[in-house]
Each structure stands twice: as C-alpha cells, then as structure tokens.
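Take a look at the structure below.
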Amino acid sequence: MRFTVVVFLLMTSCCAVAQNEQCTAQLCWQVEPTVCVSDQTERQCALTFNLRWTSQQPLSVCAELSDEPLQCWVGQTSGQLSHQTLLAGPLQLQLRVDGETKLAKQLSVLSRQPARRKRLVAPWSVF
Amino acid sequence: MFFRITATSFLLFMLVLQQATACEQTAPSARCVTTGEWQLNVAIGAGYRSNPLHGGRNWPLWLLPDASYYGERWFFDNGTVGYTLDPTSDLQVSLVSRLNEEAGYFRHGSPANIFQRQGIANIDGPQEKFLFASELQINKLDKRPLALDGGLQLNWQGVGLQWQANWWHDMSNQYHGQHIRLGAAYSLENRSGAWQLSAALAWKDKDLMNTYYGISATENDGQAWLVSASWQPELALQWQYPLNASWSVLSLLRYRWVDDQATTNTAPFKSQNPMMQEDRIRSWFVGLNYRFF
C-alpha cells in the first residue's frame, strides 16, 4: 500500500471551529478536519472527516465529494456524517440543496517533509 | 576465467543481500534527494582513470563533482538530462540524453601523465595478442566525433538491489549506432559508512565500435582494422564515511573491461587492435568530500 500510514489530524480549537463554520442565509455546516497531514512525501493520505449541517427550515440536502454522492437527507433540519477518503490531492466537498451547490470546502494534503525522489543516476557517475 | 569467477561471485553476493532502500525512510540516503533543490558535492583528493589507448592520456583525478537537480519529473544528474514519465511508479521510465563518453578516450598523450602504463605483457598469451600488433598512437588517428546520445532509462528496485537499464541511440548522427547497459547496485549504510557495490554489463553495437575503435586504411598505412559489437562488463565499489554534516571521506574504485580485439580484411581472425594498449579501464579515487548543498 502506497498511502501514508501515519496521519496527523489537525486539532482545531474552539475558535478555529467557529471560523470553520460556514453559513449561507438558510444553511450552516462544519467540516473538520479539512487538511490531511502526512509524515512523508507519499502522494496519498487517509483522511477521516466529520460533516455537520444545520438549517432553520427542513431541506433536502446531499453531501458530495468531487461530484460523488456521500449521503443525502430529505426534509431534515440537520444532519451529520463521518467519512474516510484517500487524498492524492485536493478534493472538493460540496453540500447541495435541490441539486444546487450551496456550500463547498476543499480537502487537501499537507506533507511534513519536502518531497523526495530516488536518484536515477549513480552518485559520482562522472568518475 | 578469473573475471568470470569474480563476476559470478559478486552477482551472487548481491542477489542474496536484502535491504529496503526506499525514500520513505527518514534516514538520509545518498540515493534520495529533495526535489526542487540542487545537490552539489565536490571531492578533493587523488586518483586517476586509465586510458586503454596507445598514446591516450590518463585522467588524473584531483577534483570530482557530484551535481544533481531533481524536479517533479525533470532531472539533471552528473551530465544526464532526463524526464521521468511517472516518478511515483515502482518502475520508473525516463527519457534521457547525455554526451557519449567514447570520444573522451582519444585525447592525445601528455608527458605530464605520470600514470601512463608502458607495456602490456600479461597472462593472456602474448603470441596471440601481438600477432598483428603494431602500436598505433592515437595522435596518428583521425579525430573521433563527439556524439549526443538519447534514449530510455528504466529504474526499479528488486530483491534489495537498485536496477537500471539504459538504451542509448546516437541522436547527433555521428556514429549512427546504439548501445545498451544493464546495471545493479546494492547500497548499505551502517557505522562503517555508506557502501555501494555495483555491477554492470554494456553492449555496444558494431557501428559505435567501428566509429571509435575501428581503424581506416588511411590511418594505418593502407591496413584497415574492423571491430565487431562489444560486451563490456564493469564492477565498482563506493565508500563514503561521514565526518560531520558537510565533510566525508570518499573512496571510489571501478574496473571496466573493454574489447581490444579487431580483424583485418587480409586476416579475418581476431587479433589485438593496434590502437588498444590494454583491455581494461581502471579508475580509483580517495579524498575528502564537501557537501555544499
């Protein structure tokens, strides 16, 4: 398996949570974490995120990740889900109401170390 | 016979050794580099690379550079420019280009060359080797062309060994040929330093060999010499011992066998090529390496 084993979940403070909350006039949602931190330069990173949404009126809401449906709620004023995904790069998480995107967030990968590659030519090959 | 036993033992030794050398390891490795940054090492010391040609100048080695730059896909590494199709793949395929090294052996002799070896009598049988031998100094030969090679390179990791295969083709229409090289290297880092044992086998086609090592009639008083495609094995050992973050002791040793056989039209059995002084190239270097970045 080439995805990173060790994943650091970014711990968000109460203030960060407050900032992380995103609202339109009728709909609010909170997604955390949105960044997957890997310990190495592997391109894939396993991220488990939690999504919570609330509205003042009952709505039919669908959560989608890169246009792939994750879960839908019909006639609800709130909902939540937990989902694990492998991130090879930024992915767009969307909340749609009646097919229209109301809220969106980007899930991204952050590496703690700079990218490294194997040398393809032997060291000191001018020798 | 000695070479066959040595090479076989060496390959068997490397095949039974097991070690993971992937770049995921946090420990620094000479085979792993940070992308987007230049890596530059310069070693100062003593050594030389022998020249197998009569009148050819050995290369005294006082300063050795080791420079590379790896981007996400492009790379420059000690004179080789390449583009890797998928850097995350276990089997990395790269388009590569570099100058062909054969022309470098045809520099004229110099009295300053204190390492020049005189005489080549050895156990291979002087009667056969010198049947037609009449030493032909390279300063009597026409200039050999400098060629630009392009081709494909494959790198993969297997059974503790780093494998590399190259196919090179003359892109500059100088020798109109091609050559292939297959190599394997085993790296080991422990208290005694960083070691790398490697073995390689190169095949050079008839067009390449004749362009550089064939002799035309005008070069040799009307007697032309032809050479055929050549297999050239090679063994190498590197050792590096870190003294601190910037300085290390460096030792390099390489032995390459070349083809010193040729034929004439009048006597189409193989004899020693008059331009070849010996059938091997020896290289060694011992010194101190400074890592700039």
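Protein chains get the first letters and strands the later ones, always in sequence-line order, with residue 1 at the start of each. Please read all numbers here as calculations on a predicted model, not as lab measurements.
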*Run the numbers on A/Lys118 and B/Gln162 for side-chain contact (heavy atoms from CB on, under 4.5 Å), then give the verdict.*
CA-CA 10 Å; A/Lys118 281 183 191 173; B/Gln162 297 130 23; 6.0 Å; no
Quick one: what part of [X] sits under 4.5 Å from any heavy atom of chain A, side chain, backbone, both or neither?
X: B/Ser283; result: both
X: B/Arg49; result: side chain
X: B/Arg73; result: backbone
X: B/Gln39; result: neither
X: B/Glu101; result: neither
X: B/Leu253; result: backbone

*Has A/Gln84 got more than 12 heavy atoms of other residues, nucleotides or ligands less than 6.0 Å from its CD?*
yes
*Report, as yes or no, whether the 6.0 Å neighbourhood of atom OH on B/Tyr241 holds more than 12 heavy atoms from other residues, nucleotides or ligands.*
no
*Carefully, step by step, assess B/Asn78 and A/Arg119 under the rule side-chain contact (heavy atoms from CB on, under 4.5 Å).*
CA-CA 11 Å; B/Asn78 286 330; A/Arg119 278 186 81 167; 3.5 Å; yes
*Scan residues 84-97 of chain A for pairs that pass salt bridge (Lys or Arg N to Asp or Glu O under 4.0 Å), counting only residues two or more places apart or in two chains.*
A/Glu64-A/Arg96, A/Asp67-A/Arg96
*Who among B/Pro65, B/Gly79, B/Gly36 has the most heavy-atom pairs with chain A under 4.5 Å?*
B/Pro65
*Work out which heavy atom in A/Leu120 is nearest to a heavy atom in B/Ser94; give both atom names and the distance.*
CD1-OG, 3.5 Å
*Write down the atom of A/Arg117, the atom of B/Gly71, and the distance for their closest heavy-atom approach.*
NH1-O, 2.9 Å
*Sequence neighbours left out, what passes ring-ring contact (aromatic ring centres under 6.0 Å, His included) with A/Trp73? Give chain and number order.*
A/Trp53
_Atom pair CG/CH2 of B/Asn289 and A/Trp124 - distance to nearest 0.5 Å_ = 4.0 Å
